[in-house]
Amino acid sequence: MKIMKCLSLIAFTFVAFVTTWAQASDGKSFDLVITNGHIIDGTGSPWYSGDLGIRNGKITVIGNLSEAKSARIIDARGMVVAPGFIDMLGQSELTILVDPRLPSKIYQGITTEITGEGGSPAPLNDAIVKADSQSYEHYQITPDWRTMREYFARLEKQGIGINLASYVGATQVRRMVLGDDDKQPTPEQLEQMKELVRQSMTDGAMGVSTSLEYAPAPYAKTEELVALAGEASRFGGIYATHMRNEGTSVLTAIDEALRIGREGHIPVEIWHIKVAGKQNWGQMPQVVAKINEARAQGMDVSADTYAYPAWFNSMSAFIPAWAHDGGDAKLIERLKDPKTRARIRKDLMTPSKDWDNEWQEIPGPEAVLIGVVLNPKLLPLQGKRLSEVAKMWNKDPMDALFDLLIEDKAATNVAVFGMSEPDVQLALRQPWVSVDNDSSGTSPEGILGQEHPHPRAYGTFPRILRKYVREEKKLTLEDAIRKFSALPAQRLRLSDRGVLKAGMWADIVVFDPQTVRDVATFEEPNQLSEGMQFVLVNGVPVIDQGKMTGAKPGKVVRGPGYVQ
């Protein structure tokens with residue numbers, strides 16, 4: 001028996017060698033060969049030595065290619081060669097139309113992004129375009145698409161620097177049918193919403209998503225979400241969620257997500273998993289235990305994280321959901337009305353398990369950093385704390401918050417410091433947790449460079465490599481790369497990306513693990529990460545010897561339900 005096993009192993013090794021030799025010696029030259037690197041293939045396995053041959057955008061051979069012909073050879077001696085990083089929640093659906101190169105993404109090593117958090121680039125109608133006109137005008141974008149298929153076609157026509165996929169948002173289809181009002185769909189209206197999900201899935205959406213903290217999403221009952229998730233499931237999609245609560249009622253919110261997964265017969269992805277609010281710090285072990293228990297019972301549930309102690313969202317999220325009924329214009333009216341404003345203030349001051357009260361989750365107004373504003377007159381406030389704004393305006397901090405929302409038409413985005421480092425670390429270390437950037441692609445230049453984003457926009461993936469791998473050794477390099485590549489590809493059913501293997505698209509990063517680092521800070525966020533020497537998207541360098549090439553070789557990645 002042992003002799004037979006040895007003979008089988010020898011035969012397998014010989015066949016593999018002959019195959020590699022034959023492929024390398026087939027008379028065809030490679031477009032590019034990467035030599036002498038430490039290959040970390042994305043699976044979590046230890047590194048190994050070898051050369052990668054790339055032809056027509058794909059990896060065709062991994063082996064000894066020292067004699068192979070190639071149009072170009074990249075010497076990766078002393079560096080790691082790994083799969084390109086997959087951003088599980090990227091938010092670039094509009095900014096990729098402003099600067100399709102997405103410098104902040106590619107300098108992190110991101111080669112594929114998934115977007116569409118509750119809202120999505122499509123479907124669109126005239127009412128939504130009008131309601132969201134402030135954002136389109138800010139970015140100087142004409143929304144000339146209405147379906148997901150038309151949006152993807154626009155991306156392909158202009159060219160994009162990375163690969164991009166999108167969910168269809170449950171909020172988006174709700175707004176298409178019900179607008180921004182606090183009401184429930186009739187059976188006929190729910191069927192219209194389900195049809196929009198079906199259309200978007202055949203257009204190429206990856207699944208259906210929710211962002212249940214932000215109006216009008218909180219108005220949706222669980223049964224509505226189960227119905228929409230069930231439609232995505234029919235096309236092989238997944239359900240991704242920013243849960244209804246990430247603070248006091250986080251465990252209850254997980255229960256809802258699991259119910260949607262079970263009743264909708266669909267895998268669940270929990271976005272940017274966290275425990276928000278100082279009074280809730282230390283609950284991450286219970287969150288992990290609940291998800292581990294669900295997985296042990298056969299529930300296909302996983303999560304992702306950006307591994308920073310502050311989140312970044314709309315400042316209007318501080319306002320209870322009832323005050324958003326009818327959209328931002330109605331919210332502004334209520335903030336201007338003294339009686340309604342007093343009611344909103346009372347709600348913020350009252351601890352509650354019924355809604356995600358961010359005012360109760362912060363130690364004080366100094367924990368809120370003003371990020372992006374759309375009103376040009378408010379630009380000097382970007383980068384300042386709410387406590388500073390209150391002092392400048394000689395106002396109570398809550399009044400400063402209300403008045404800032406009025407002045408910026410509820411468009412302000414803020415960083416909120418509301419998480420603990422031990423909770424962040426514990427989440428990151430779970431084997432079923434991948435990584436999301438949770439920020440739109442941006443640039444230090446042009447319109448985008450005028451904004452003050454969360455530093456994660458520029459630094460998420462290199463920060464994990466620097467802080468949690470190199471300095472604190474909370475993760476091995478191989479495990480971090482797995483969380484960046486094979487794990488998200490597995491969750492998204494991307495059979496041709498996420499691992500370095502013959503036949504896969506050549507999304508590849510080459511970097512020195514001893515020097516790669518994030519540079520962006522909360523005070524100075526518009527700084528590109530350092531250390532990515534080469535970043536290839538579909539075999540084409542978008543970073544070459546540490547510099548951006550301007551190439552746009554990205555592809556639209558369509559979901560399993562796509563029909564041409």
Side-chain angles (χ1 to χ4, degrees), residues 34 37-50 52 59 62 76 79-90 105 108-114 162-163 165 238 240 267 269-273 288 291-292 295 300-307 424-438 460-514 516 518 529 531-532 535-536 557:
I34 303 174
H38 285 185
I39 297 174
I40 298 181
D41 65 8
T43 65
S45 301
W47 71 268
Y48 64 93
S49 59
L52 282 80
I59 301 169
I62 300 178
M79 291 185 281
V80 163
V81 181
F85 304 157
I86 298 174
D87 181 355
M88 287 294 277
L89 177 58
K105 299 276 180 173
Q108 293 184 63
I110 294 169
T111 57
T112 300
E113 173 190 313
I114 322 300
I162 66 172
N163 307 307
I238 68 174
E269 178 73 11
I270 297 175
W271 275 323
H272 45 62
I273 189 168
V288 169
I291 294 174
N292 279 333
R295 290 180 60 82
D300 187 359
V301 54
S302 57
D304 49 68
T305 178
Y306 45 77
V424 170
Q425 285 186 17
L426 182 60
L428 177 63
R429 292 168 64 184
Q430 300 312 304
W432 35 264
V433 170
S434 55
V435 175
D436 71 271
N437 203 51
D438 198 14
T460 300
F461 290 81
R463 181 175 187 267
I464 291 173
L465 293 173
R466 172 189 61 79
K467 178 178 173 64
Y468 295 108
V469 174
R470 188 166 70 233
E471 296 175 359
E472 299 182 7
K473 296 178 172 50
K474 302 295 183 183
L475 297 172
T476 66
L477 181 57
E478 290 83 358
D479 195 26
I481 297 300
R482 173 183 165 270
K483 288 175 175 292
F484 295 174
S485 55
L487 180 59
Q490 168 191 312
R491 161 48 85 221
L492 296 163
R493 311 295 194 258
L494 302 181
S495 59
D496 53 1
R497 301 184 192 275
V499 176
L500 296 184
K501 187 173 69 173
M504 307 291 272
W505 285 105
D507 296 339
I508 299 172
V509 294
V510 180
F511 65 94
D512 183 345
Q514 298 304 314
V516 65
D518 55 314
S529 287
M532 289 293 158
V535 177
L536 275 61
V557 177

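Numbers here simply count residues along the sequence, with the first being 1.
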Taking all heavy atoms of [X] and all of [Y], pick out the closest pair and write down the distance.
{"X": "S434", "Y": "E269", "value": "OG-OE2, 3.9 Å"}
{"X": "P431", "Y": "L487", "value": "O-CD2, 3.5 Å"}
{"X": "N163", "Y": "V557", "value": "CB-CG2, 3.8 Å"}
{"X": "D304", "Y": "M88", "value": "OD2-CB, 3.7 Å"}
{"X": "A307", "Y": "Y468", "value": "O-OH, 3.7 Å"}
{"X": "D436", "Y": "L89", "value": "CB-N, 3.6 Å"}

Fill in: W47: side-chain hydrogen bond (donor to acceptor under 3.5 Å, both in side chains) partners, not counting sequence neighbours
none
Taking side chain as C-beta onward, heavy atoms only, is [X] less than 4.5 Å from [Y]?
{"X": "D41", "Y": "Y48", "result": "yes"}
{"X": "P267", "Y": "R491", "result": "yes"}
{"X": "M532", "Y": "V509", "result": "yes"}
{"X": "I508", "Y": "L52", "result": "yes"}
{"X": "L465", "Y": "L477", "result": "yes"}
{"X": "Q108", "Y": "T460", "result": "yes"}
{"X": "V81", "Y": "L500", "result": "yes"}
{"X": "I464", "Y": "F484", "result": "yes"}

Is the backbone N or O of [Y] less than 3.5 Å from a side-chain atom of [X], with the two atoms forming a donor-acceptor pair by type?
{"X": "R295", "Y": "V301", "answer": "yes"}
{"X": "K483", "Y": "Q430", "answer": "yes"}
{"X": "R466", "Y": "V516", "answer": "no"}
{"X": "D507", "Y": "P83", "answer": "no"}
{"X": "E478", "Y": "S45", "answer": "no"}

Worksheet item: So how far is it from L428 CG to L475 CG, rounded to the nearest 0.5 Å?
Response: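 Reported value, rounded in 0.5 Å steps: 4.5 Å.
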Worksheet item: F85 vs F511 aromatic rings, parallel, tilted or perpendicular, using cut-offs 30° and 60°?
Response: perpendicular
Worksheet entry | S529 versus D518, side-chain donor and acceptor atoms under 3.5 Å | no
Worksheet item: Is there a salt bridge (Lys or Arg N to Asp or Glu O under 4.0 Å) between D87 and K105 once you walk through the steps?
Response: CA-CA 9 Å; D87 181 355; K105 299 276 180 173; 2.6 Å; yes
Discussion item. Checking W505 now: which residues fulfil ring-ring contact (aromatic ring centres under 6.0 Å, His included) with it, not counting sequence neighbours?
Written reply: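 Residues passing ring-ring contact (aromatic ring centres under 6.0 Å, His included) with W505: none at all.
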Item to complete: Return the set of residues passing ring-ring contact (aromatic ring centres under 6.0 Å, His included) with Y306 (not counting sequence neighbours), or none when no residue passes.
Response: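 So Y306 forms no ring-ring contact (aromatic ring centres under 6.0 Å, His included) with any residue.
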Fill in: Salt-bridge criterion met for D300 and R493 (N-O under 4.0 Å)
yes
